[in-house]
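Step one of this worksheet: look at the structure below.
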Amino acid sequence: QAVLERLRSYPPLGELLGRLSGGPFPVDIAEAEGPFAAVFAAEASRGRKGAVLVVAPSDQDAEALAGDLELLGAEVDVLPWWRSAAYRPAGTRSRVFGDRAACLARLALGDARMVVASQRAFVTPLPPREVFAPLVFALEAGGTIDPTAVGERLASYGYLRVPRVSLPGEFALRGEVLDLFMPGDAEALRLVFDFDTIDRISTFDPAIQAGTSRLSRVALRPMKEVVWDAPRLEALRAAIPSLPGIKGREEALLEELAEKGEAKGEELWYPLAFERPGSILDYLPPDSLVALVDHERLEAQEEAARKEY
């Protein structure tokens with residue numbers, strides 16, 4: 001804190017922050033790399049109504065930057081990339097699906113104030129905000145709940161109903177208790193209700209079924225960013241014929257997605273599930289700031305991706 005106070009009194013930093021509040025943009029900052037990039041982002045977010053999106057060259061850079069920001073006391077959301085080789089699928093139900101959905105859900109609700117993404121995560125198409133946001137819904141302690149409707153909604157998102165929650169992607173509805181383990185979360189959730197009123201929301205460790213902390217509000221979300229409902233399947237069916245080398249193989253894919261709600265390599269088809277895919281920029285609220293860290297390396301990453309694909 002003492003170091004931060006000294007930095008805040010440094011005239012060039014004050015001049016820079018003033019420029020960021022009034023423009024003009026873009027603002028080119030020399031040598032704003034490493035830990036200073038985190039200091040700059042943390043200070044730029046202070047008092048800002050919108051969010052701050054920081055784009056780093058690689059996933060490793062993004063993780064390091066997120067760690068530095070957390071050290072400075074910032075609450076950070078990371079949008080990860082798939083981390084797979086070109087045209088290679090991510091593992092079915094791998095953690096990255098839940099991590100991406102968690103970040104987008106917080107952005108859709110306006111809860112994410114500091115977001116870090118790698119260059120590849122930044123340019124990867126996303127579901128349009130107007131499609132994904134309605135899939136996220138918040139519940140509050142003291143608020144109302146329709147347990148049956150919530151259970152049906154979770155099932156439509158791909159969650160598996162079980163007697164006792166132990167793994168991400170499962171939920172249990174027993175009497176007046178709803179347990180849910182959302183992929184991308186470190187702990188499971190427990191909602192205790194009385195008829196249609198939520199009495200308590202808490203997190204718990206599925207291994208020992210013991211509660212850890214109380215919450216006043218929670219946002220429930222799909223297991224992944226794309227739910228293969230009828231509109232998504234129809235959009236994919238309409239787009240597939242324009243692709244070379246796929247004729248005759250599309251029905252097996254569509255059938256698997258319709259029956260199971262998932263398929264190996266499904267993330268490769270996500271951009272075709274919408275008439276116009278979205279961008280992470282669509283999820284940012286007004287008065288948001290986008291910071292591109294290490295411009296030369298970002299350009300090198302873009303060129304490397306072009307050659308790779």
Side-chain angles (χ1 to χ4, degrees), residues 50-59 62-63 66 76-84 86-137 157-158 182-185 219-236 238-240 243 257 261-263 265-286 288-292 298 301-302 305-306 308-309:
V52 174
L53 169 62
V54 187
V55 183
S58 68
D59 288 297
E63 290 176 358
V76 185
D77 290 274
V78 177
L79 179 69
W81 186 60
W82 298 109
R83 291 191 174 183
S84 55
Y87 306 111
R88 297 295 182 183
T92 303
R93 296 210 174 191
S94 64
R95 182 182 174 89
V96 67
F97 286 95
D99 288 341
R100 287 173 61 85
C103 181
L104 294 182
R106 285 180 49 79
L107 278 167
L109 291 174
D111 293 338
R113 314 306 297 174
M114 177 73 69
V115 183
V116 177
S118 67
Q119 185 270 345
R120 294 200 178 195
F122 177 65
V123 301
T124 297
L126 296 174
R129 189 183 190 282
E130 61 271 19
V131 174
F132 182 80
L135 302 177
V136 183
F137 60 105
Y157 289 169
M182 293 189 287
D185 286 358
L220 306 191
R221 61 180 185 269
M223 293 176 56
K224 51 194 178 181
E225 62 206 75
V226 173
V227 176
W228 292 106
D229 53 15
R232 304 285 72 76
L233 290 169
E234 285 305 310
L236 180 58
I240 280 179
L243 302 177
L257 291 174
E262 63 182 9
E266 64 179 274
E267 71 280 2
L268 302 174
W269 302 99
Y270 282 176
L272 299 179
F274 310 94
E275 183 177 347
R276 185 187 66 83
S279 159
I280 189 174
L281 297 177
D282 302 329
Y283 286 75
L284 298 180
S288 291
L289 177 72
V290 179
L292 306 177
L298 287 172
Q301 283 284 344
E302 183 179 3
R306 283 202 187 98
E308 188 176 344
Y309 287 87

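- For the pair W269 and I240, the minimum side-chain heavy-atom distance is below 4.5 Å.
- Taking 4.5 Å as the limit, some side-chain heavy atom of L272 sits within range of a side-chain heavy atom of L243.
- Residues passing the side chain to side chain donor-acceptor pair (under 3.5 Å) test with D282: none are found, sequence neighbours excluded.
- Of the possible polar contacts, one joining the E267 side chain to the A90 backbone as a donor-acceptor pair under 3.5 Å is found.
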Next item on the list: Check step by step if side-chain contact (heavy atoms from CB on, under 4.5 Å) holds for L107 and D77.
Entry: CA-CA 9 Å; L107 278 167; D77 290 274; over 6 Å; no

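- Ionic pairing of R83 and E63 is present here: one or more N-O contacts between side-chain nitrogen and carboxylate oxygen are shorter than 4.0 angstrom.
- S288 places a side-chain N or O within donor-acceptor distance of the main-chain N or O of A51, the cut-off being under 3.5 Å.
- The side-chain heavy atoms of L233 and L257, taken from C-beta on, include a pair separated by under 4.5 Å.
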Next item on the list: Under the side-chain contact (heavy atoms from CB on, under 4.5 Å) rule, what do I280 and L126 come out as? Steps first, then yes or no, please.
Entry: CA-CA 7 Å; I280 189 174; L126 296 174; 3.8 Å; yes

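- When side chains are defined from C-beta on, V115 does not count as touching V76, because their heavy atoms never get closer than 4.5 Å.
- In this structure, CG in L53 is found 13.5 Å from OH in Y283, a value given to the nearest 0.5 Å.
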Checklist line | Candidate pair R93 and M223, rule side-chain contact (heavy atoms from CB on, under 4.5 Å), full reasoning | finding: CA-CA 9 Å; R93 296 210 174 191; M223 293 176 56; 3.7 Å; yes

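- For the side chain to side chain donor-acceptor pair (under 3.5 Å) test, residues two or more places apart in sequence or in another chain that qualify with E225 are R100.
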Next item on the list: Apply side-chain contact (heavy atoms from CB on, under 4.5 Å) to F122 and W81, showing your working.
Entry: CA-CA 8 Å; F122 177 65; W81 186 60; over 6 Å; no

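- At distances below 3.5 Å, not a single donor-acceptor pair connects side-chain atoms of R221 with backbone N or O atoms of A105.
- Ring geometry for F97 versus Y270: interplanar angle over 60°, hence perpendicular rather than tilted (30 to 60°).
- Looking only at atom types and distance, the side chain of E266 has a donor-acceptor partner in the side chain of W228 under 3.5 Å away.
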